[in-house]
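This report refers to the structure that appears directly beneath it.
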Number of protein chains: 2
Amino acid sequence: MPSKPLPPITMDAVYAAPGYLFRRMQQIAVSIFMEECKAFDLTPVQYAALIAIHTHPGIDATRLSAVIAFDRSTLGSVIERLQAKDYIERKPAPEDKRIKLLYLTKSGAAILREIIPVVERAQARMLEPLKPADRKALMGLLVQLVDLNNEASRVPLRAEDALERLGKAG
Amino acid sequence: MPSKPLPPITMDAVYAAPGYLFRRMQQIAVSIFMEECKAFDLTPVQYAALIAIHTHPGIDATRLSAVIAFDRSTLGSVIERLQAKDYIERKPAPEDKRIKLLYLTKSGAAILREIIPVVERAQARMLEPLKPADRKALMGLLVQLVDLNNEASRVPLRAEDALERLGKAG
DNA sequence: TGTTAATTGACAGTATACTCACGATCTAGG
DNA sequence: CCTAGATCGTGAGTATACTGTCAATTAACA
């Protein structure tokens with residue numbers, strides 16, 4: 001008996017699949033970000049980390065990972081690189097010897113000030129091909145979907161938790 | 001003179017930025033894929049490669065990378081892993097000693113047959129939190145945006161080119 | 001209080017995802 | 001025919017993005 005044939009799969013089915021489109025869009029977004037920011041030697045993740053540290057001075061690595069929905073293991077090397085570039089500094093927490101608190105340096109604040117308008121241009125470029133109404137619709141749907149799927153990811157966003165604990169600790 | 005203060009940035013601005021949402025959605029999509037497919041030891045990229053090789057038997061690595069919009073350097077290790085699992089085989093092209101042609105093995109065809117419905121469930125789960133009309137709208141907008149931004153990515157999709165060249169060569 | 005449980009940061013391991021560069025090979029132009 | 005340029009696969013190097021595990025430390029509880 002011959003083995004059952006594969007169902008008739010076309011690449012077009014792949015090109016219309018959500019997973020493929022999300023991967024492709026992420027690829028394109030990173031590409032545009034790096035192109036706009038090539039003068040700055042900052043990756044999208046490093047940028048997000050800088051913003052979060054600026055917004056929450058004295059945050060620790062674990063809470064930072066929750067605030068930007070970023071894997072804690074990977075974050076270690078991201079922090080190392082930001083520290084090597086002298087954009088952030090780590091200070092041991094006096095009340096908990098396990099924790100190292102993160103702060104922007106002057107260099108970090110300076111590069112943030114310069115790069116923010118550039119990043120905003122990059123963000124705009126990602127949606128530029130769409131009509132303004134469609135941009136709004138897409139962003140609205142994505143915000144919804146990311147929020148409703150938050151628990152599905154391995155590193156759920158925990159913005160509020162992180163803030164609460166920070167307030168409790170400091 | 002004091003240095004200019006940073007503009008008032010909030011994490012909410014980051015959470016609403018296209019780049020952040022695309023990264024987050026990709027993260028969630030991979031998570032759901034891996035969860036549904038954990039019995040199969042196949043990553044999303046490996047799955048896409050298998051589908052493309054099934055659709056274009058005898059494709060070479062460079063054209064495969066164009067067909068799935070996947071970086072050529074990374075593809076080398078993906079192919080190695082698929083070969084190690086005995087899902088694909090590589091045969092030297094008789095008319096061009098540089099090229100190695102890719103084919104599904106019986107194992108590869110078998111796992112594809114099993115995994116396709118599982119992947120479809122994963123794809124459905126990614127959009128599940130949205131209302132059906134919103135799912136359609138989101139996919140429509142994403143297909144548009146990915147297509148219009150194709151050239152912005154470092155590895156543009158070249159589905160037709162790849163097919164043409166394949167036809168010319170074989 | 002004393003032992004268990006949880007948390008923190010670090011490390012090893014795997015898999016994308018990109019850069020640039022290199023040798024082998026093929027193709028085109030002269 | 002023969003050299004210049006393009007192309008193929010590969011490798012090194014960097015940066016996410018996840019899985020584990022581990023020791024040190026802190027917190028919780030019997």
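Each chain gets a letter, A, B and so on, in the order the sequences are listed, and its residues count up from 1. What you see is a predicted model; the values in this text were computed from it and never measured.
For the pair A/Asp41 and A/Lys85, the salt-bridge criterion is met [side-chain N within less than 4.0 Å of a carboxylate O].
In this structure, A/Asp71 reaches the bases: a heavy-atom distance under 4.0 Å links it to at least one base atom across the strands shown. If you check every strand for non-hydrogen atoms under 4.0 Å, A/Thr62 touches sugar and phosphate atoms only. Using a 4.0 Å heavy-atom distance criterion, B/Val78 is classed as a sugar-phosphate-only contact. Across all strands, B/Gln26 comes closer than 4.0 Å only to sugar-phosphate atoms, never to a base (heavy-atom distances).
Aromatic ring centres of B/Tyr20 and B/Tyr15: separated by under 6.0 Å.
Residue A/Leu101 is the one, among A/Gln27 and A/Leu101, whose nearest nucleotide of DNA chain C lies closer to the 5' end (criterion: closest heavy atom).
Here B/Thr43 reaches the OP1 or OP2 of C/dT16: one of its side-chain N or O atoms lies under 4.0 Å away. Put simply, A/Arg81 has a side-chain N or O that comes within less than 4.0 Å of OP1 or OP2 on D/dT16. Between A/Arg90 and C/dA10, a side-chain N or O to OP1/OP2 separation shorter than 4.0 Å is present. For the pair A/Arg63 and C/dT8, the criterion of a side-chain N or O lying under 4.0 Å from OP1 or OP2 is met.
With no hydrogens or angles considered, a side-chain donor-acceptor pair links B/Gln27 and B/Arg24 at under 3.5 Å.
We find the NE2-CD1 distance between A/His54 and B/Ile9 to be 6.5 Å, quoted to the nearest 0.5 Å.
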